[in-house]
Amino acid sequence: MAPATQAPAESGEAPGAGEAPNPAAAAGLHGFTGDELHGLLADMLLYRRFEEKAEEAYAIGKIGGFCHLHIGQEGLAAGAIKPLGADDLVVTAYREHTQAIAKGITPRAVMAELYGRVDGCSGGRGGSMHLFDTALGFYGGHGIVGGQIPLGAGLAWAIRYRGGDQICVCFMGDAAVNQGAFLESLNMSAVWQLPVIYVVENNGYGMGTAFSRVSVTEMEARSGAYGIPAHTVDGQDVLETYRFFEGLAERVRGGAGPQFVNAITYRFRGHSMSDPVSGTYRSKEEVEARVQGQDPITILRDRLMEAGLLTQEELEALDAEARAASEDAADFADASPLPDPSTLYDHVYAEINPNGRLFLDGRPGAPGSGTTAGSRVVGGQAGGARG
Amino acid sequence: MAPATQAPAESGEAPGAGEAPNPAAAAGLHGFTGDELHGLLADMLLYRRFEEKAEEAYAIGKIGGFCHLHIGQEGLAAGAIKPLGADDLVVTAYREHTQAIAKGITPRAVMAELYGRVDGCSGGRGGSMHLFDTALGFYGGHGIVGGQIPLGAGLAWAIRYRGGDQICVCFMGDAAVNQGAFLESLNMSAVWQLPVIYVVENNGYGMGTAFSRVSVTEMEARSGAYGIPAHTVDGQDVLETYRFFEGLAERVRGGAGPQFVNAITYRFRGHSMSDPVSGTYRSKEEVEARVQGQDPITILRDRLMEAGLLTQEELEALDAEARAASEDAADFADASPLPDPSTLYDHVYAEINPNGRLFLDGRPGAPGSGTTAGSRVVGGQAGGARG
Amino acid sequence: MAEITYREALNAAMCQEMDRDDSVFLLGEEVAEYDGAYKVSRGMLARYGDRRVVDSPISELGFAGLCVGAAMAGLRPICEFMTFNFSILALDQVINSAAKMLYMTNGQVPIPMVFRGPTGAALQLSAQHSQACETYYVHAPGVKLVTPATPADAKGLLAAAIRDDDPVAVMEGELLYNVRGEVPDEEYVIPLGVAEVKRPGDDVSIVTHGKMVHVALQAARALEREEIEAEVLDLRSLRPLDVDAVLKTVAKTNRVVYLEEGWPFAGVGAQIVSLIQDEAFDELDAPVLRVTQADVPMPYAKNLEQLAKPGVKAVVEACRKVLYLEAGTS
Amino acid sequence: MAEITYREALNAAMCQEMDRDDSVFLLGEEVAEYDGAYKVSRGMLARYGDRRVVDSPISELGFAGLCVGAAMAGLRPICEFMTFNFSILALDQVINSAAKMLYMTNGQVPIPMVFRGPTGAALQLSAQHSQACETYYVHAPGVKLVTPATPADAKGLLAAAIRDDDPVAVMEGELLYNVRGEVPDEEYVIPLGVAEVKRPGDDVSIVTHGKMVHVALQAARALEREEIEAEVLDLRSLRPLDVDAVLKTVAKTNRVVYLEEGWPFAGVGAQIVSLIQDEAFDELDAPVLRVTQADVPMPYAKNLEQLAKPGVKAVVEACRKVLYLEAGTS
Ligand SMILES: Cc1ncc(C[n+]2csc(CCOP(=O)(O)OP(=O)(O)O)c2C)c(N)n1
Ligand SMILES: Cc1ncc(C[n+]2csc(CCOP(=O)(O)OP(=O)(O)O)c2C)c(N)n1
Ligand SMILES: [Mg+2]
Ligand SMILES: [Mg+2]
C-alpha cells in the first residue's frame, strides 16, 4: 500500500538509518541536496495529507459541490511548480488544490476556500475549482475544460507585452486537448512566441473516458501542428520532473518560445467525490498496480532510503508535520466565518458606476436598485429575510 | 492576360487547329479523352463567365450583401467535385457559387439565389453565402468561418451510420484551420473513421491576412495531430486535381478513413466585392504574376492546344456557350419574382406545433400570434403595411 | 403506472423512441460506458450498442455541430450536454447552424434533433457550473425549448422533442434527477406548447418552469396556511409558449408572480411580463412581480448560494405583495 | 468641434485612450495591416506599431480568451470582433471567464477590457451575419454594455468603456460607421449609465438604443406631421441602465414604445417593459408596445429583409396605437 493509505512506519523494506549512501541510488537523485530532497518529500506529503483531510471533511459535509483530488499526481505539483520563480504565473483547471499550495497559498487559505469561508483564498466565493491568489502568481482554478488555455496564453501575452522575464505555466488535463481552445491558443502562442509552457497532466482519463478512446494519436502529436516542441516527462518521478521543468523554464525565459509537455501521471482517486476509485472505466487491478508501483511519494521515499538519505524517524517526523499542517488547516477553516450575507453583491463589478442600475433583480440588498423608489421586484431568501 | 479579362480569340500563341498531337504534352493530360478535356474546359469557362456576370450584376445592384467570387480557383471546383458521385455530399463555406454549379445546381438557380428571387436554389432566403440543393448532395453554403467543418463530419457520420458508400467532401479556406472547430472535427473524424475528405482551398490569404502571418507551420502540418493523412495538390492544374480526387474518393469510399487535402490555389479577385483586387496585403505584381501564370483555365487551354486537342474555333465556341449560359442565368434570375411577403414566417420551423405560440413578435402576419385575441405588439414594415 | 425517478423517465423516453426509430441516436460525454455523468443513459450502451450510444471527446462545439450535420442528413440525434453550462461553447452551432438552417435553405434542410442536459444550479457548484441557460436558447427563432419538472413530464416531453422535426432543447435539472413520480408505463408523448396547472388556486398565480415548479408548490403550501390559494402554472414549454394558459390564469386571479431560476435581465420572466401587460393589461390588479436568481454570478459559499437562489420565502413574499397584504415599497 | 463619421469617432476614442495609457491595446481580425474590416482602426498600426495593434487569426474563442487573460494580468485589451455574430463562438470566454472572474476571485481579478464591433443587420447579409446580440451580452451580470448611436456618443462611450474597470461590450453598427455628426475635438468621456433624450416630446415616448435611434427619430418626424410630439429616449447604455431616465419619460408621456433591432423573446425590450410595469405601473395610460425584428432568422431577399426589420412605419403605427388613435386589436 502507498503512504496515502498507510502510516509510513509500517513500510517494511526501509533500510535502517545511517546506512552508507548507495552510489547507484545517488545517481537517481539528480544532484539535489539532502535538505532539498527532504523538502520535496515534505511538500508531497503535505499535499497528500491535506487532500486526505479534505476527503474526510467532504464526507461529513464540511465541503460541498465538486471536489477533485490530485492524489497520485503530487509529483507534478511539486516538480513543475517548485522550480518556478515567485513572480512566474500559473493557471490551471479545477484539480488544483496541491498546485495552489505549491505556488505558495497556505493550506489554511486553501482549506478555508474548500469550506466556503471568508478566509479562503477566494473569500469563499470560488470553492474547490476556483482557487486564486494573484499576489503569489496563482491565477486559478477554472472549471470549463480548456477554458484556462486561452487565459494562459493571455497571461503570457501580458508578460511579453511588458517585456518582463517571467513565464506562464498553463496546466490542463489530457481530455482538454480535444477542446478547440487548445488549437487556437497554441497557434497564437506560436505565432506570437509567447513565454508559456502548456502542461498536460496526462492521467490517462477524462472522467470515465480513456484518452485512447477519444484520440487516435499519442499526446506528443498534438503540438507539432503549431510548431510547438513536445516533451514527455514521468510525473511520478518528482526529481526528474523538477529538473526537467527547471531547465525548460529557463529556456522559455530565455526566449525559446512556447512549449508543450506531456506529463505522465495517474489519478489514485475517482474523478470527483461522487466517482468510485475504480469501476466501469478502469479496473481495480489497474488502479492497485499504479498505486503500488507509481506513487510519487513512495518512489521518492524509497529512493531516499536506499540512498541512506532518509531514516524511518525522519520520514515519520515529516509525515507528522504534514498531518499536523492539514489538521491545522481544517481547524482554521472550521473556525473561519461564512461570508457576510451583506457581501452578496460585492465584486460582481469592480466599478459601480455612479449612474444607472447595474443589478436588475431589484432586491432590497441590490446596489443601485435604490436609484428609484424601490423596485417592487423581489427575490431570493434575501428578499424574504429582509422584506 | 487571362481569359477572365480577354476574349480567347486574342490569345496569340495558340497553334493552328489540326496540328499533330504533341506526345510530350499528352503526358500532362492524365489519360483524359478529348471530350472529357473539352468538358472540363467548358465547366471552368462557365464558372468564370458566370461569376463575371455576377460581378456585373452586383455593380448595378441586382445582387446585394456579401458576394465572394471564386475566380481563379475554378480548377478546384471542377477538379474536386466532378469526380464525385451524384449521391456524394459536399459542404462548404461562402465562396461557393462555382462549387454549387459543379455539383449540379443550374446556373439559373444559383444566379436567381444571388438575385434573391424565388427560383433561387434557396428560394432567395439564403443568398450568395447559402446555396443549397440537398437533392443534388450540395449541403451549402455556410457563413461562419469553420462552421461547416463539424457539419461535414456530421454528414459523414450519417453516411457511416446508415452503412452507405457515399463520401462527404468538406471545403474550407486556409484561414478556417485556425478555428477550434477544425481540431474538434478532425479528431472526431479520426476517432470514428468517418468517410470525409477535408479540403483546404489554400489561396494564401484569409481576407487581408496571409496564412504565414497566422501560422508558423505549413498547412500540411495541421492534420497529423489527429492521425489524418495530409495531401497537397496543385489546384490550378485541373487535370491533376481531378485524378487526385478521383483516386482519393475511391480510397475513402473503400474505408481509408478521413483525409486532409491542402489544395494550392489563388484568388484573382478581392475577398468580396468591397475588397480591392490588390492593395495593402498583396501587391499588384503578385496578383498579376498569378493571373498570368496560374490561371487554371489558361493552363488547360494552352495544354490542350499544344497537344492539338483544341482549336481556336472550338475554344471560342465553348466560351460563347459559357457566356450564353451566364447571360441566360442572369435573364432568368431577373425575370424571377421576389419571394411573396406572405412567406416571411415560412420555414422558421418545420413543424408548427398545434399548441402554443412559436412567434413572439405578435405581428399580424405571424402564425400563432392569433392564438389569442391579437397581440398588440407590432413591428416591421409588415405591421406597417398591413396594420 | 409506476413510480420512477425523473432520471428513469428520461431514460425510458429515449429507449421508447430509439426502439421505434433507428435514426435516433444518443451522443455526448460519458453517455455510453459510464452510463451518463448523471446516469441518465444507464444501460443504453448495452441495449443499443456503440453505434447508437456514443461517447464523445470533450468537444462541445464539435460534437454539437456533428449532430447538426447528421440531422441535416436526416438522422435524429440526441445531443447530450453534460450540463448546459458547457453548451455555451457550442452556441454558435446551436444558433447559426441548427436554428437558422431551415430558413436559409428555404425549407430544404430541417434539423430534427434534441439538445438535452441539466440547466441551472445544483448545490455549491459555483459560478461556472450553476447557470440557467434558458435565455440563450429561447431568444433565437428556430429552436424550441421545453423544461420538464416532473418524471411524467420528462418522459412525455422528451419523447415529443425527439419526434419533433425541429431542434428542441430539453432542459433538465441535476436536482430533479432523483425526483420520483407516477409515470405511465405505456408509450406516450406530451405535446409541446401545452402548459399545465400543477396546482389550482383562485387568489394568485405563480407562473414558472422547470425545477422552480417545486419551489412554487412549496410556496403555495405555505400560503395555504394563510388561507391564500395560489395557482401554480408550469409552462413546461417555453417555445412554443402556451399563451392561452398564461392569459387564463391571469384572468382567473388577476395577480401574477413569475418565478425562475435564472438572472433577471432579459430573462424568461421579462418576456412573460411583456406578454401579460400587452395582452391582459386590464386584467391585472397589480404589476406582475418576478422572483429570480440574484443578479450575481453564483457564489460557492453555502449561505451566499442560498441567498442568491430564488427561494420559497421570496415567492411567498412576492405573492403577498401582489395581493397587497404587505405595504409595497413604492 | 468638427463633423466626423462614427467610424472616425471610434478611431479617435481608441487613439485618445492609447495615447494616455500604454496598457491599452487593440487586437482582432484585420485590425492592423488592413486598417480594420470596416476601417475603424485606420492608421493605428502605423501610429502604435504591431505591439499594440495586432492582427489575430480567425480564432474568436481563443483571442477573446487571450484578451481576458491579458486583462487578468492588468492590461486593458480592446478585443474587436469583426462583427458580434462571430462572437457567439467566444461567448464562453465572455460569460464564464470575463463576466464571472471578479466574483469567483473575491475581487482579486478585475477584467478591464472592451469587446467591440458591429451588432445587428446591415443590408442583405442573410441569417448568419445579421443578428443583434445584445441579449447574449446583457443577460449575465459581470459585463456592461453600451450601444452608441451617434459619432459623439461613439467617442465618449468607447473612451469611457476603455477606462472602465469591468468588461464592457461596445456594440456598434455597420450601417452607423458612415454616419456623420459633430464631435468635440478635445478629450472627453460619456459616463456609462446615462441615457439621453435625443428628441423631446410630450405625447409619446419612443425608447430605444443603438442603430434604431435613427429609425425612432425618423418616426418622430413623421408623427410631427400629424402633430404628435414623440420623445425619443436613447438608453445609450443597457447595463448600467438609466432607470431614472426611463421612468421620467414614462411619467412625462404615459405612453411608451420600445424599439429594438433584435428578436422579441427575452429581448432588451422585454426587460424594459418588465421594469416599467413594475416601477411605473400606474403611470401607464396604455400597455408598452414593442417594435422588434420579425421573429424569424434574417432573410436575404431584399423585400423579405425589409419586412423583417423594424421600420419607421411600424414605429409610427405603434405610437398611434398607444395613443389609441387607431383601434387596438384587443
Ligand atoms: C467544457 C466542459 N465540458 C465538460 C465538463 C465536465 N467535466 C469536468 S472534468 C471533465 C473531465 C476532464 O478530464 P481531464 O481534462 O483529463 O482532466 P482530469 O479530470 O483528468 O484532471 C469533464 C468532462 C466541463 N467541466 N467543461
Ligand atoms: C467566425 C468568423 N469570423 C470572421 C468572419 C469574417 N470573415 C469572412 S471570410 C473571412 C476570411 C476567411 O478566409 P479563408 O478561410 O482563407 O477563406 P477565403 O475567403 O480565402 O476563401 C473572414 C475573416 C466570419 N465569417 N466568421
Ligand atoms: Mg485526465
Ligand atoms: Mg483563403
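Letters A, B, ... mirror the listed sequences (proteins, then strands); counts begin at 1. This structure is a prediction, so every number in the text was calculated from the model and none was measured.
The line from CD1 of D/Ile95 to CG of C/Leu89 is 11.5 Å long, rounded to the nearest 0.5 Å. For the atom pair CD1 (C/Ile88) and CG (D/Asp92), the distance works out to 6.5 Å, reported to the nearest 0.5 Å. Taking CG of C/Leu61 as the reference point, atom CG of D/Leu61 lies at 8.5 Å (rounded to 0.5 Å). We find the CD-NZ distance between C/Gln131 and D/Lys100 to be 3.5 Å, quoted to the nearest 0.5 Å.
Using non-hydrogen atoms only and a strict 4.5 Å limit, the part of residues 136-143 of chain C facing chain D consists of C/Tyr136, C/Val138, C/His139, C/Ala140, C/Pro141. Among the residues in residues 120-130 of chain D, those with a non-hydrogen atom closer than 4.5 angstrom to a non-hydrogen atom of chain C are D/Ala127, D/Gln128.
Contacts between C/Glu60 and chain D at a heavy-atom distance below 4.5 Å are absent for every atom of the residue. Contacts between C/Ile276 and chain D at a heavy-atom distance below 4.5 Å are absent for every atom of the residue. For D/Leu284, the parts lying under 4.5 angstrom from a heavy atom of chain C are both the backbone and the side chain. At a 4.5 Å heavy-atom cutoff, the contact between C/Ala132 and chain D is made by backbone atoms alone.
Residue-environment remark: NZ (C/Lys248) stays at or below the threshold of 12 foreign heavy atoms within 6.0 Å.
Residues D/Ala270 and C/Ser274 share a closest heavy-atom pair of CA-CB, 4.2 Å. The nearest pair of heavy atoms linking D/Leu238 to C/Phe265 is O-CE1, 3.3 Å. Closest of all the heavy-atom pairs between D/Ala266 and C/Gly267 is CB-O, 4.0 Å. Closest heavy-atom contact between D/Asp278 and C/Val288: OD1-O, 4.4 Å. Here the closest heavy-atom approach between residue C/Pro297 and residue D/Ala99 is recorded as CG-O, 4.3 Å.
Partners of D/Tyr300 according to the side-chain hydrogen bond (donor to acceptor under 3.5 Å, both in side chains) rule, which considers only residues two or more places apart in sequence or in another chain, do not exist here. Residues forming a salt bridge (Lys or Arg N to Asp or Glu O under 4.0 Å) with C/Asp295 (at least two apart in sequence, or on another chain): D/Arg239.
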